[in-house]
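Pasting in a structure now, in structure tokens, and then I'll have a few things to ask.
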Amino acid sequence: MASLVRRVDSQVQAYGQALKIPNISNLSARSKTQNTAVTNDTVTETATTLSIDQWQYIAFNVEDMAAVQSKYDLRAEYAKSAGYGIAKKIDTDLMALTSGFTTTAVGSFGSNIDDAVIVNAHAALDNADIPDEDRAMVIAPSQKAAIMRIDKFTAATFLGQYQNPTPVQSGPKSRHLWGEIYGTPVHYTTNVSTTAGTPTQVNNMLIHRDAMVLGLQMAPRVQSQYVVSQLAWQVVTDTIYGVINLRLDAGVLIRS
């Protein structure tokens, strides 16, 4: 998710606990009459405040006995795992922001995504004047499987020569996590947020980059020290960041 949303890292890395991001509204053209002065619009913009309020860490010990008896560099291996855990936490926090979307949701909880739902999601963003560029679709693995069962996206009668790019699908060699549908990259992840219920509510999404913002004030770092009293190396990975919805109409919840 961090690569799909607006980033303001450079604006928060030096210092500060919050960043005010101006909400720039669209201006309308006026007709000009000769020999008359122009009429100025009064700009009174509001701002979205991004709070840098998340300090997340993962800590672990590698005792000497485990390190000596292992053929692997346990500190390095667990440091990689800690880095993944930190990244997953940021990902999860961004996923949870679907609850703030104001564009009308599409699809139904308990039903798989189909072609009509995908088209309706794009139409919802189109109706909100959201640009086609910088859109991304993020779905749960179950919905990737559901889309793969739609003939329009997989059958040779629709795609022509197998694996050749088409307007509908780019194939598994795409630079994106999975591929493209209707020119929009499709990512799938187990981190898609869910709401308990009957059925379980799966909160997939179609977003524009400006739907959310991430400010990474301190990139994940790894620190370690040897603790004699424990005969172990203590390793801590931590990061500081903030996330928030930026443009509430630039994301649409895709229910399944």
Value rounded to 0.5 Å, distance of NZ in K88 from OG1 in T190: 5.0 Å
S51 (side chain) donor-acceptor with D53 (main chain) under 3.5 angstrom: no
L74-F60 co-clustered via ILVMFWY side chain contacts under 4.5 Å: yes
Side-chain donor-acceptor contact under 3.5 Å, N204 with S256: yes
D115 and Y182 side chains, donor-acceptor separation under 3.5 Å: yes
Exceeds 12 heavy-atom contacts within 6.0 angstrom, atom CZ of F109: yes
For the student: nearest non-hydrogen atoms of V236 and A59, plus distance: CG2-CB, 3.8 Å
Working for side-chain contact (heavy atoms from CB on, under 4.5 Å), residues I139 and V192: CA-CA 7 Å; I139 59 177; V192 168; 5.6 Å; no
Co-membership, hydrophobic cluster, residues L4 and M212, 4.5 Å side-chain: yes
Shortest non-hydrogen separation from S193 to M95 and the atoms involved: OG-O, 3.7 Å
Where T103 and A250 come nearest, the two heavy atoms and their spacing: OG1-N, 4.3 Å
Side-chain heavy atoms of D41 within contact of R30, under 4.5 Å: yes
Spacing of H208 atom NE2 and E133 atom CD [to the nearest 0.5 Å]: 7.0 Å
Any donor-acceptor pair under 3.5 Å from R255 side chain to Q201 backbone: no
Any donor-acceptor pair under 3.5 Å from Q217 side chain to I240 backbone: no
Co-membership, hydrophobic cluster, residues V5 and I21, 4.5 Å side-chain: no
Closest heavy-atom pair and its distance - D91, M1: OD1-N, 2.9 Å
side-chain contact (heavy atoms from CB on, under 4.5 Å) evaluation trace for H122 with L206: CA-CA 8 Å; H122 279 285; L206 176 67; 3.7 Å; yes
Criterion side chain to side chain contact (heavy atoms under 4.5 Å, CB included) against R6, the qualifying member of L214, L246, D134: L246
Residues D73 and K80 bridged, charged N to O under 4.0 Å: no
Any side-chain heavy-atom pair of N112 and I147 under 4.5 Å: no
Under 3.5 Å donor-acceptor, R75 side chain and A67 backbone: no
Minimum heavy-atom distance between I90 and L216, given as atom pair plus value: CD1-CD1, 4.0 Å
Stepwise side-chain contact (heavy atoms from CB on, under 4.5 Å) test for D93 and Y241: CA-CA 11 Å; D93 287 350; Y241 64 93; 2.6 Å; yes
Close side-chain approach of V38 and N40, heavy atoms under 4.5 Å: yes
Distance-only donor-acceptor check, side chains Y226 and D64, under 3.5 Å: yes
Step-by-step side-chain contact (heavy atoms from CB on, under 4.5 Å) determination, M205 to I254: CA-CA 5 Å; M205 69 182 83; I254 302 178; 5.6 Å; no
Any donor-acceptor pair under 3.5 Å from R7 side chain to S3 backbone: no
Cluster overlap I181 with M148, hydrophobic side-chain contacts below 4.5 Å: yes
Shared hydrophobic cluster, V119 / I130 (ILVMFWY, side-chain heavy atoms < 4.5 Å): yes
Among T104, V106, V252, side chain to side chain contact (heavy atoms under 4.5 Å, CB included) partner for N120: V106
Closest contact, heavy atoms only, P22 versus K20: CD-O, 3.8 Å
Donor-acceptor under 3.5 Å (T239 side chain, M218 main chain): yes
